[in-house]
Amino acid sequence: MKTPAQQTVTFGGRFAREFREMAIPWRAEEAPDPQLLMLNEPLAIELGLDPAFLRSSEGLLLLIGSQVPSDATPVAQAYAGHQFGWYAPRLGDGRALLLGEIAHADGRLRDVHLKGSGRTPFARGGDGWAVVGPMLREYLVSEAMHALGIPTTRSLAVVATGRPVQRETVLPGAVLTRIASSHVRVGSFQYARATGDIGLVRRLAEYAITRHYPAAGETENPYFALFQSVLAAQASLVAQWMLVGFVHGVMNTDNMTISGETIDYGPCAFMEAFDPAAVYSSIDEGGRYAYGNQPVVAEWNLARLAESLLPFLHDDQEKAVELAVESLGEFRRQYSAAWSEGMLAKLGLQDGLDGDVTSPLLDDLVAVLWTGRVDYTSFFRSLGKAARGQAEPVRGLFPDPAAFDAWAERWRALSPDADAMDRVNPVYIPRNHLVEEALAAATGGDLDPLHRLLVAVTNPYDERPGLERYAAGAPEDFGTYRTFCGT
Ligand code: AMP
Ligand code: MG
């Protein structure tokens, strides 16, 4: 007889079966007292999972991986990675497991993955646990990113385990159930390449092509086309981060997906006062992953992917290097095009305007925002009001409104479309002070502030009465915001 979990879900185990060299079968730890904190019902339904079952005690055991269908093969995945520029040959899922792949309503497969499910052979010094605050943080921010239309892993559930976990203080343990197009990372290719087994790299590339870029498989040089596809996806992704003021915080190569989805929300933050040097992560002392550095870092990470794929780009290794370099040169062009196009949309300007007019307009906008340290999100939304003739709210954001006025005159001359602006400029983002407030309450057992914040940020473009505090910047006394890793 099938258990309820088996009736509810079948996990494909393709990665586990085909990549035994980089997938260690492993089991999640039992939890002393599992309690559901968050369940993403719409996502569950898209995945063909019954929310009522997931809420049941057996459902919770499935969500934390301690009771999975007997034909499932949970694995800890191996990967390498450059962390802050330093190569670590063996990272891997130290506290995470891939349960397997399931079919989404769109017909494509998704990985079901756990974070905080206990130590694995990749745990090194770590305890294998995750705690409630940071797992809810990933849940909240990834769902906000999804609602903003930015490619990202999704969050299906957060379950408190009832296990006390030692951090700086003792905190409640939790498991995040995460959904992704796949968990193949740049670091997965680095790991495969470092084994010296060229066949493994080839198989991984083929796997990535089938799962993410089937069109690349139809080309003359599928491996090169794979690389170009990843590059295009990342150029677009990072442009979208920049356009909403998102700072990932830890863009190590193991935290960059092949699919082009944002992954591994750790010390991330949304920038308020515009500043290319904005850094929030307490461990990013050199500002390597500062807001304005993200495009450069993405390109650097893609160069690491190119190195891993080099044997397949061309039979002649000199030619392979040439191809890689030429292709990497495309990143800047593609990124800039995506950013400019997105910026023009944020300004309500239609395509096809003269670049000799729009290019300096964008450059000068960056300069006035930077000089004034203007709240990035409020600026664009208030600018929509200015497009309707109501200039005071946006002028009020500038310490020196005259600088803005000169810029705005040039902008208004191009006839911006206010309604179009409101469709692309969010009112509500997960502002750092709101996130902290919601997570502190949740850690203390009150999930209401988190639910209210989720209501705001999962419908970010639609301004609603009563939600004013979710649109406002941090209070003065919030101070310099720092986020913490290793959570
Ligand atoms: P991250 O910074 O979350 O991307 O993690 C970097 C690496 O550290 C990955 O290999 C993680 O699996 C591992 N890791 C992070 N936290 C823990 C933990 N508490 N226990 C074991 N491994 C961990
Ligand atoms: Mg990671």
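These numbers come from the heavy atoms of this one structure, side chains and all, not from hydrogens, waters or symmetry mates. Counting starts at 1 for both ligands and their atoms, in listed order.
- Of all the heavy atoms of Arg124, the ones lying under 4.0 Å from any atom of ligand 1 belong exclusively to the side chain.
- Distances from ligand 1 to the non-hydrogen atoms of Phe122 include no value under 4.0 Å.
- Between the side chains of Thr152 and Tyr265, at least one donor N or O lies within less than 3.5 Å of an accepting N or O.
- Between the side chains of Ser155 and Ser142, at least one donor N or O lies within less than 3.5 Å of an accepting N or O.
- Atoms of ligand 1 lying under 4.0 Å from at least one heavy atom of Asp93, given by number and element, are 12 (O).
- Aromatic ring pairs are classed by plane angle as parallel below 30°, tilted from 30° to 60° and perpendicular above 60°; the pair Phe312 and Tyr223 is tilted.
- At least one donor-acceptor pair under 3.5 Å links the side chain of Glu272 to the backbone N or O of Ala474.
- Atom CD of Gln294 and atom CD of Gln234 lie 11.0 Å apart (nearest 0.5 Å).
- Under a 4.0 Å criterion applied to the non-hydrogen atoms of Asp264, ligand 1 contributes the atoms 4 (O).
- Within ligand 1, the atoms closer than 4.0 Å to a non-hydrogen atom of Leu91 are 10 (O), numbered from 1 in the order shown.
- Interface of Gly128 with ligand 1, defined as ligand atoms under 4.0 Å from a residue heavy atom, comprises 18 (C), 19 (N), 20 (N), 21 (C).
- Contacts between Asn255 and ligand 1, counted as non-hydrogen atom pairs separated by less than 4.0 Å, involve the side chain only.
- Atoms of ligand 1 found under 4.0 Å from any heavy atom of Gly92 (numbered from 1 in listed order, with element): 9 (C), 10 (O), 11 (C), 12 (O).
- Between Phe274 and Tyr376, the ring-plane angle classifies as parallel under the 30° and 60° cut-offs.
- Because the distance cut-off is set at 2.8 Å, Asp264 qualifies as a neighbour of the Mg ion (ligand 2) through one of its N, O or S atoms.
- Assignment of Arg167 to the shell around ligand 1 is supported, since a heavy atom sits closer than 4.0 Å.
- Backbone or side-chain N, O or S atoms of Asn255 reach the Mg ion (ligand 2) at under 2.8 Å.
- Using a 30° and 60° split on the angle between ring planes, Trp241 and Phe246 fall in the perpendicular class, above 60°.
- Under the 4.0 Å criterion applied to side-chain N and carboxylate O atoms, Arg95 and Asp127 are not assigned as salt-bridge partners.
- The shortest separation from a heavy atom of Asp127 to ligand 1 is under 4.0 Å, placing the residue in contact.
- Here Tyr79 has side-chain heavy atoms under 4.0 Å from ligand 1, and that is the only part of it that gets that close.
- Using a cut-off of 4.0 Å between Lys/Arg side-chain N and Asp/Glu carboxylate O, Arg154 and Asp111 are scored as not salt-bridged.
- Neither the backbone nor the side chain of Glu138 has a heavy atom within less than 4.0 Å of ligand 1.
- Side-chain contact, Asp254 with Tyr191: no donor N or O sits under 3.5 Å from an acceptor N or O.
- Every heavy atom of Ala96 sits 4.0 Å or more from the atoms of ligand 1.
- Looking at Arg95 next to ligand 1, an N or O pair under 3.5 Å apart turns up.
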